[in-house]
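Notes to accompany the following structure.
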Number of protein chains: 2
Amino acid sequence: MGNRRLQILDAAAELISERGFTQTSIEDVIKHSKLSGKSHFYHYFKSKEELGFEVLNRQFERFAERGLAILREPMIDPMERMGLFIDAIVTLQAERGGRGGSPFGTLAAEMADVHEGFRLRIETVFERWASQLRSLLWEARPQLHDDVDAVRLSRFIIATLEGALLMTRVKRDVGVVEGIAVDLKRFIAMHAKDGAVGTLVPARALANVA
Amino acid sequence: MGNRRLQILDAAAELISERGFTQTSIEDVIKHSKLSGKSHFYHYFKSKEELGFEVLNRQFERFAERGLAILREPMIDPMERMGLFIDAIVTLQAERGGRGGSPFGTLAAEMADVHEGFRLRIETVFERWASQLRSLLWEARPQLHDDVDAVRLSRFIIATLEGALLMTRVKRDVGVVEGIAVDLKRFIAMHAKDGAVGTLVPARALANVA
DNA sequence: CTAATGTTGGACCGCGCAGTCCAAAGCGCA
DNA sequence: TGCGCTTTGGACTGCGCGGTCCAACATTAG
């Protein structure tokens, strides 16, 4: 069954996002996937490197399902979708008790300067994420100031969220990412024309913008 | 000489901030420090773990010298100092050709969930950094809106910078951190009363705020 | 010149892990 | 029941690395 393969992949994804790639051994993965016998692993994967690549893809898939999907809901106002998306990331982090941070960020920090293959794939992952954000900003264009640079703004959003997840992990306090999320929404709201902010920012916080 | 110790420490700092802790072997460190003989290392350090802790301290020292110092220049307007500080981080990253990212961030992502000792020390490092930013914001209080939350804002600044360094590293493009720095300054300027922005943001960019 | 006291280099040990291999256990099929 | 074929478990190998140890060398003192 290709089912087994997925089982291994998910176990690996969990361990790697917690401990990092190098700190996760094949034996750990096999044990954690409720299978036994290392040959099983090498039946489905060529090498640990291949596992790493596929875990990265899988993480992005899941992220796309649970987080990025919100960005494409056609019935919701774009600005509101942005807020929901940020909330989703906070929720995801809260569910894990502040541990584990961003699966991409962790892998990125660990491998970017060590393994060119990983670096390129991580770059692709971030690029796909960024492109989703750009689409949303494009959709929201009528509500935004004319000189908003979607490329720069989407990068800013990703960087801030990644940094927030990292700090949350270090402090083991979900409050960190929550606070940063609030500010990030305010920053995004700053790019919108008056009255187009929707539920992105509570009225009180808008005092600073006006 | 305690000089040798520093030599090892600096070699290790460089390697660790590029490759990460686990990917850096004692032999690499010794070779890179132009010494030879592993016993030399163990003459100055109890273990690799101790090396890691001290590298973290040393990185923070250097960062405090070259970056954080700007925050305390008493002759410069606080808001302007903030801008200079952000510029300094961009410059530091540019000097390394986009590689290596933040020394703290790299170590944090790698070790936070693996080694409690590292996590605590990294938490301390971030806290010290945050406290410097808070001091500056306190100094700038007369120029800021009354409801500015210094704790939250300082966390936001650190998170965004850390995320920016990470993405710069992944894309190997210093332009990323440069762009994010511009936006970050605009976000900070948003908290200042009109006319108190100084050189933080070029007049053109302020259009969005007003 | 010799003895005592550091330095320095590197051989060596043990361990953990990626990756290989084979033997035993299922399992269809007649 | 007996025979091939696949699945499964785990023993084994080679290697890299953290950490120890000791032998050779330098240095200073008498």
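Note that this is a predicted model, so its numbers are computed, not measured. Throughout, protein chains are lettered first and strands after them, A, B, ... in sequence-line order, and every chain is numbered starting at 1.
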Nearest whole Å is fine: how far is C:dC17 P from A:Tyr42 OH? 12 Å

A:Phe41 CZ to C:dC17 P: how many Å, rounded? 14 Å

Residues of residues 21-30 of chain A with a heavy atom under 4.0 Å from any atom of DNA chain C, listed by number, are A:Thr24, A:Ser25, A:Ile26

Going by number, which of residues 111-119 of chain B have a non-hydrogen atom under 4.0 Å from DNA chain C? none

Exercise: do [X] and [Y] side chains pair donor with acceptor under 3.5 Å:
{"X": "A:Arg186", "Y": "B:His191", "result": "yes"}
{"X": "A:Thr168", "Y": "A:Gln93", "result": "no"}
{"X": "B:Gln132", "Y": "B:Arg72", "result": "yes"}
{"X": "B:Glu162", "Y": "B:Ser102", "result": "yes"}
{"X": "A:Thr106", "Y": "A:Arg169", "result": "yes"}
{"X": "A:Gln143", "Y": "A:Asp77", "result": "yes"}
{"X": "A:Gln23", "Y": "B:Thr22", "result": "no"}

Between B:Trp129 and B:Phe60, does the ring centroid distance fall short of 6.0 Å? no

Between B:Phe21 and B:Phe118, is the ring centre distance below 6.0 Å? yes

Between the protein and nucleotides 5-9 of chain C, which nitrogen or oxygen pairs come in under 3.5 angstrom?
unit_1	atom_1	unit_2	atom_2	d
C:dG9	OP1	B:Ser36	OG	3.4
C:dG9	OP2	B:Ser36	O	2.5
C:dG9	OP2	B:Ser36	OG	3.4
C:dG9	O5'	B:Ser36	OG	3.4
C:dG9	N7	B:Ser39	OG	2.8
C:dG9	O6	B:Ser39	OG	3.0

With sequence neighbours left out, what residues match B:Gln59 under side chain to side chain contact (heavy atoms under 4.5 Å, CB included)? B:Ala13, B:Ser17, B:Val55, B:Arg62, B:Pro103, B:Phe104

Should B:Glu123 and B:Arg119 count as an ion pair when the cut-off is N to O under 4.0 Å? yes

Residue from B:Arg99, B:Arg172, B:Arg19 passing salt bridge (Lys or Arg N to Asp or Glu O under 4.0 Å) with A:Asp113: B:Arg172

Of all nucleotides in DNA chain D with an atom under 4.0 Å from a non-hydrogen atom of chain B, which is the first and which the last going 5' to 3'? D:dC17 to D:dC21

With salt bridge (Lys or Arg N to Asp or Glu O under 4.0 Å) as the rule and sequence neighbours excluded, what pairs involving residues 32-43 of chain B come up? B:Glu27-B:Lys38

